[in-house]
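Note sheet for the following structure.
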Protein chains: 2
Amino acid sequence: MKRHQVTIVDIAKQLNLSKSTVSRALTGHPSVHAATRQAVLELAEQLDYQRNMLAISLITNKTNTIGIIVPEFSSSFFPNVIIGAQEIASKAGYNTVICQSNETYETEVANTKVMLANQVDGLLVSITKETKNFDHLKVFQRKGIPIVFFNRVCDDMDVPKVIVDDFDGAYRAVTHLIESGRKRIAHLSGPPALKISEKRLNGYKAALRKNNIELDEELVIPYDLSLEKVPIYVNHLLNLDNPPDAIFAINDPTAIEIIQVIKKRGLKVPKDIAVVGFSNDYASGLIDPALTTVSQPVKEMGKTAAQLLLDQMNRDVADWKSIIRVLKTELIVRNSS
Amino acid sequence: MKRHQVTIVDIAKQLNLSKSTVSRALTGHPSVHAATRQAVLELAEQLDYQRNMLAISLITNKTNTIGIIVPEFSSSFFPNVIIGAQEIASKAGYNTVICQSNETYETEVANTKVMLANQVDGLLVSITKETKNFDHLKVFQRKGIPIVFFNRVCDDMDVPKVIVDDFDGAYRAVTHLIESGRKRIAHLSGPPALKISEKRLNGYKAALRKNNIELDEELVIPYDLSLEKVPIYVNHLLNLDNPPDAIFAINDPTAIEIIQVIKKRGLKVPKDIAVVGFSNDYASGLIDPALTTVSQPVKEMGKTAAQLLLDQMNRDVADWKSIIRVLKTELIVRNSS
DNA sequence: CTGTTAGCGCTTTCAA
DNA sequence: TTGAAAGCGCTAACAG
């Protein structure tokens, strides 16, 4: 069937005006007779006229849409970042198109194609744990479409980034464990390719060093963030001749899994072994024992990233800046440590 | 700055062909010489040509986009529905635009405007707790844009809906409580305007009736789903002369809040009072004690809704059907009951 | 202040 | 099989 849409021409005909005059009236152009404008606006209202953004975008080469690509959607982290970003974007008159890459490189590449097809005016990205090649993202730079990274950033590209102070957060988390008397602190780390893994690992190491605890490589296990594998690593750690008395996890979902495994083995958290996470996800306060964790200003991160993106979009390509905004974290001590 | 885009004209010029031929080659039109097509395709590839969907949409009056409006984003429920819906949509070549209404009617109305501006080809909606007037949604029907409701549906409108068997789920949850010896079962219900509230309430009542337990109106409290108000109602219930020995909550977030409040008062779940939720959110299995709840096939719901929408979109308006798809729930008994 | 003209990038008749 | 021309709905010069 054929949908009918009310167009400027319809209004122009009924009012015996030219298209351009109607257009001007509609877009608030100053040089239109007040009475004319009034008439146009009234009729438009009455006819329920909607501007055809497709046509406008075709001309202006702007879609008023920003794209957001996130690795997943299931923990509370990314949805909350998105809430923040949408708040800022919609205030500035931008819509958002959201894609999730499902933590796979191929999907992420496909997502960028979608964004290109949608002709987004800007892109917010948090990369997958697999992403090592960034050509699909560099395309945007080349096309003059600004990009801002958040959380999981790409060091290769000279664009704005919003992160938290991962090093500092990890450092404080581990220091807290040491101060509560833990001697052998393990770290279930993330994929080495991710900057956050590296920085949190460095924070962990620095805290040990500062307190004259020798780093035991045996206690540091990098893993690929597939939660179903956590039991393997935790059991491995607990089966060591000299098992750890604390585990610092790369993130909260991991820490929560760790606690489950420990409990299943009949050990007590934190008596036998303390656990600390990173993120302060919604579930972390609810689990038993409640998880000690490093909280990130999640919504804030979304807002900041969106704001940075808007700034770029209103600038000439030549003036693009590659600011790195580092947000503060906060250590939340609960019962798991 | 001026972004440059490779267009059909560029290709046509280089190959000394007409725009139309290039267009035909690109769109896989049969009547084009094999060699010509080959040449066009190769050059397009080499030039990294991207079809301008705006222009195509302008002509075809189709955007290949479906809209999704959800009340919130913070529990695990809606993100998971969206994952399911996106899976089906993208397989069919559709992009998705997601909006969250933040549980307020005004935002929902604004969201529908966004969807209209984006000229979505179809809409998936779960309404807010406040939505009583549906004019903003009926607009879509009038314009020939199909709508499918999921989870929170509108009974006023004759369109496809995907829900779970709320009555049955509630019935079984409450029956389970009765069978485990509970005598005074309270129900923290949702806003009466929402169908799910009504149906779960009816399931609750039916289970009581079936077991010859008289309904005590004092034990049924409808509330507006603002979690911060849960303590008020729970404390009220616990302060009754004859307090309940179980609470059935409209959903999991509510149940989780209830457990917190009970624990804070120094009472034990489930010894002193059992709690049962509805949804099987991610957090529900983690909380202490693990929550007994009615699980819904969440991703499935998204998939079904998207499929129903696609079906409508490929049909003439006259043939639109208003199927109601009811998905099965499952009672998951854990430690809170 | 208003009308005319051209054109955004593409598809789609209608001819050749 | 290919080309020329018209037009999707709108805006943006350029005239008047």
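Convention: sequence-line order gives letters A, B, ...; per-chain numbering from 1.
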When rounded to whole Å, the CG to P distance for the pair Leu26(B) and dG9(C) reads 15 Å

| said: With a cut-off of less than 4.0 Å, is there a side-chain N or O of Tyr49(A) near OP1 or OP2 of dG9(D)? | reply: no

Between CD1 of Ile59(B) and P of dA6(D) the distance, given in whole Å, is 16 Å

ask   = Distance only, no hydrogens: is a donor on one side chain within 3.5 Å (strictly under) of an acceptor on the other, for Gln141(B) and Asp158(B)?
value = no

Rounded to whole Å, the CG-P distance (Asp10(B) to dC10(C)) equals 9 Å

Rounded to whole Å, NZ of Lys19(B) lies from P of dG9(C) at a distance of 10 Å

Can you find a side-chain donor-acceptor pair between Asn111(B) and Ser101(B) that sits under 3.5 Å? no

Of the candidates dT2(D), dC10(C), dT11(D), the side chain of Ile8(A) sits closest to dT11(D)

>> Determine whether a donor-acceptor pair (one donor, one acceptor, N or O, separation below 3.5 Å) exists between the side chain of Ser20(B) and the base of dA4(D).
In response: yes

Ser126(A) (side chain) donor-acceptor with Phe150(A) (main chain) under 3.5 angstrom: yes

Can you check whether Phe73(A) and Phe78(B) have ring centres sitting under 6.0 Å from each other? no

- In terms of side-chain heavy atoms, does Gln307(B) have a donor or acceptor partner in Asp311(B) at a distance below 3.5 Å? yes

The nucleotide from dG9(D), dA6(C), dG9(C) with an atom nearest the side chain of Asn52(B) is dG9(C)

Considering only heavy side-chain atoms of Thr21(A), the closest of dC10(D), dC8(D), dT2(C) is dT2(C)

Atom NE2 of His29(B) and atom C1' of dC10(C) are separated, to the nearest Å, by 15 Å

Does a side-chain N or O of Thr36(B) approach OP1 or OP2 of dT2(D) to a distance below 4.0 Å, or not?
yes

Sorted by position of nearest nucleotide on DNA chain D, 5' first, the leading residue of Asn16(B) and Leu58(A) is Asn16(B)

When rounded to whole Å, the CZ to P distance for the pair Arg37(B) and dT1(D) reads 9 Å

Separation of dC8(C) atom C1' from Lys62(A) atom NZ, nearest Å, is 16 Å

May I ask you to evaluate whether Ser18(B) reaches the phosphate of dG3(D), defined as a side-chain N or O under 4.0 Å from OP1 or OP2? yes

- Query: Which part of the nucleic acid, if any, lies within reach of Ile56(A) when heavy atoms closer than 4.0 Å are counted: base, sugar-phosphate only, or nothing?
  - Reply: sugar-phosphate

What one should report as the nearest heavy-atom pair of Met115(A) and Val97(A) is CE-O, 3.4 Å

Heavy atoms only, 4.0 Å cut-off, all strands: where does Thr27(A) land among base, sugar-phosphate and nothing?
sugar-phosphate

With the side chain defined as heavy atoms from C-beta on, Ser23(B) is closest, among dT11(D), dT12(C), dT2(D), to dT12(C)

Ile11(B) atom CD1 is separated from dC10(C) atom C1', nearest whole Å, by 12 Å

Per atom distances to the Arg24(B) side chain, the nearest of dC10(D), dT11(C), dT2(D) is dT2(D)

Of dC10(D), dT2(C), dT2(D), the nucleotide closest to the side chain of His33(A) is dT2(C)

Side-chain contact check for Ala55(B): nearest option of dC10(D), dG9(C), dT11(C) is dG9(C)

